[in-house]
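It should be emphasised that the depicted structure is a prediction, and the values quoted were computed from it without experimental measurement. The figures that follow rest on heavy atoms only: side chains count, while hydrogens, waters and symmetry mates do not.
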Amino acid sequence: MELDFGPAVRDFRDEVRQWLADHLVGEFAEHRGVGGPTDGAAWEIRLAWDRELSAGGWLGVGWPREYGGRGLGLLEEIVFEYEYARVNAPYRATVNALDLLGPMLLAMGSEAQKKRFLPQILAVEELWGQGFSEPGAGSDLASVRTRAERDGDEWVVSGQKVWTSFGIHADWLYVLTRTDPQSARHKGLSLLLVPTDQPGVEIRPIRNLAGQDEFAEVFLSDARTGADMVVGEVGQGWRTAMATLGIERGTTLLPQQLTFEREAEALIDLARERGALDDPMLRRRIVDAWISVRIMRTTNLRTIAELTAGRTPGAQATTAKLYASTRHQQLGQLATELAGPAGQIVGEDYGLDTRQRSFLLSLAETIYGGSSEIQRNIIGEQVLGLPKEPRP
């Protein structure tokens, strides 16, 4: 895939390409494409790569200069992300803070919070985990039960969080809590920044199907944080959380789509090797997979066009996540079938090849960032105008 974003950013694009060519070498080049939203592989190498990016000034391209960023525009951010994905650079270890928390603080944080945390994020000196989902509040995030009570100059936080990406590495958590015990659903929530290095925080890794432990569950038992660690207003945490999820769903699909295109091309190569293109039924499924990644490309380009024009993305932004996650699972399933017995045999110590890891990790894509069931409800109710699903 090759995109030209126009003459206004060609010099910037060339600068990005040259820097990546000069620095994505050696051990970093050996780990091209390693990692992902649910893949904690080669963590230390990815962390070192993030520090290399930081030294070159490539983290926070669009963040204001006073917080350590470059102060460039949205188009430059998109160009950087595209070029980064195009060379298949390692998945950034600090993505949670860079893509989610940082933009949220820029939009809704206090000036003191911005000065305290944003430079540390860009310097790769503090890592963050997201404390949203709970055992009884995953896709239905409004059912959050973790509570926070004010005690003088501090908040005291108790509860349990789960599916915290890269939580075992986190120095801080941004935690959705219920600060009004009499409230229900969307009201009375607040988003707090909580340090993990204290007696009241226990983080346990969760091992996934690929044998990795990038997810974690977090137990908060009278954990403490400062009274000034509320992002936004007290009691308005739902609005803050939705802004964060909007960032997550709106800005991460272009690099993901390029990865899917590579997998589709590898699938076609595998089909040629196995003679599968001679089977009309398999050939139809392969062509369907090829078409699906082109549809993702078109959808993402429409979203980019609306973002760069200063408009809120339309219905395609709502459907993109649902389509991409379900079609990626189908792509992985087909690749596993084409590989035959080799697709089911693992290496020593449960060693997985790239194809196997991608397929197993894709099974979580219809859950994280909003489950497919919730996405369909949103599309039905907010896009198509259908009646809301009745609640028990």
Side-chain angles (χ1 to χ4, degrees), residues 62-64 67 74 96-118 121 128-134 136-150 155 157 159 161-165 172-194 218 220 225-252 303 306-307 310-315 317-318 320-321 368-371 374-375 377-379 381-383 388-389 391:
W63 293 16
Y67 307 125
L74 176 62
N96 214 323
L98 288 168
D99 290 358
L100 300 177
L101 176 72
M104 179 187 69
L105 287 179
L106 286 169
M108 310 187 77
S110 68
E111 187 61 27
Q113 290 168 352
K114 294 175 186 178
K115 290 180 177 178
R116 162 65 181 84
F117 294 113
L118 295 179
I121 291 172
W128 286 80
Q130 185 185 82
F132 279 14
S133 295
E134 298 181 5
S139 295
D140 185 17
L141 197 56
S143 298
V144 159
R145 298 174 64 183
T146 295
R147 68 183 187 277
E149 300 176 357
R150 185 70 179 267
W155 290 98
V157 186
K161 297 293 180 178
V162 73
W163 310 124
T164 300
S165 297
W172 286 78
L173 304 168
Y174 51 107
V175 183
L176 189 62
T177 67
R178 192 164 295 282
T179 47
D180 180 357
Q182 305 303 318
S183 66
R185 303 295 298 167
H186 308 87
K187 298 180 179 179
L189 300 173
S190 301
L191 195 139
L192 304 181
L193 309 178
V194 181
V218 180
L220 302 164
T225 193
D228 59 344
M229 290 292 106
V230 179
V231 180
E233 300 177 25
V234 174
Q236 297 298 316
W238 181 257
R239 183 174 64 181
T240 307
M242 289 304 99
T244 307
L245 291 177
I247 293 166
E248 179 180 18
R249 292 167 183 164
T251 62
T252 59
T303 302
E306 294 195 0
L307 286 169
R311 297 190 297 268
T312 301
T318 307
K321 193 271 180 187
Y368 67 69
S371 71
I374 294 298
Q375 296 301 308
N377 281 349
I378 292 172
I379 293 167
E381 296 170 9
Q382 298 182 17
V383 178
K388 290 188 176 183
E389 183 176 287
R391 292 187 176 276

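For the pair Ser133 and Trp163, the tightest heavy-atom approach, listed with the atom from each and the gap, is CB-CD1, 4.4 Å. For the pair Lys161 and Gly131, the tightest heavy-atom approach, listed with the atom from each and the gap, is CE-O, 3.2 Å. The shortest heavy-atom contact between Gly237 and Leu176 is O-CD1, 3.7 Å. When all heavy atoms are compared, the tightest approach of Ala97 to Pro103 is O-CD, 4.1 Å.
Formation of a donor-acceptor pair under 3.5 Å by the Thr225 side chain with backbone atoms of Met229 is not found in this model. For the pair Arg178 (side chain) and Ser143 (backbone), a donor-acceptor distance under 3.5 Å is absent. Remark: side-chain polar atoms of Gln375 are not paired, donor with acceptor, to backbone N or O of Ala320 under 3.5 angstrom. Proximity of a side-chain donor or acceptor of Thr164 to a complementary backbone N or O of Gln130 within less than 3.5 Å is detected.
Looking at heavy atoms from C-beta onward, Ser110 lies out of side-chain contact with Leu105 at the 4.5 angstrom threshold. Looking at heavy atoms from C-beta onward, Val231 lies out of side-chain contact with Tyr174 at the 4.5 angstrom threshold. Contact annotation: the side chain of Val383 never approaches that of Ile378 to less than 4.5 Å [non-hydrogen atoms, C-beta and beyond]. Using a 4.5 Å cut-off on side-chain heavy atoms (C-beta onward), Val175 and Leu191 make no contact. In this structure, Asn96 and Ser165 have side chains that are in contact, with non-hydrogen atoms separated by less than 4.5 Å. At a threshold of 4.5 Å between non-hydrogen side-chain atoms, the residues Asp180 and Lys187 do not count as touching.
Ile121 CD1 to Lys114 NZ: the interatomic distance, rounded to the nearest 0.5 Å, is 12.5 Å. To the nearest 0.5 Å, the span separating CG on Leu173 from CG on Leu193 amounts to 9.5 Å. Distance check, rounded to the nearest 0.5 Å: OH of Tyr67 to CZ of Arg116 gives 14.5 Å. Atoms CD1 and CD1, on Ile379 and Ile374 in that order, are 11.5 Å from each other to the nearest 0.5 Å.
The closest side-chain donor-acceptor pair between Thr177 and Arg147, if any, does not fall under 3.5 angstrom.
Looking at Gln113, Arg239, Gln236 one by one, the single match for side-chain contact (heavy atoms from CB on, under 4.5 Å) with Met108 turns out to be Arg239.
Shown here are the ring-ring contact (aromatic ring centres under 6.0 Å, His included) partners of Trp128, two or more places apart in sequence or in another chain: Phe117, Trp172. Applying the side chain to side chain donor-acceptor pair (under 3.5 Å) criterion to Thr179, with sequence neighbours excluded, gives Ser190.
By the neighbour-count criterion of 12 heavy atoms within 6.0 Å, atom CZ of Arg145 is sparsely surrounded, having that number or fewer from other residues, nucleotides or ligands.
The pair Glu381-Lys388 does not count as a salt bridge, with every side-chain nitrogen at least 4.0 angstrom from each carboxylate oxygen.
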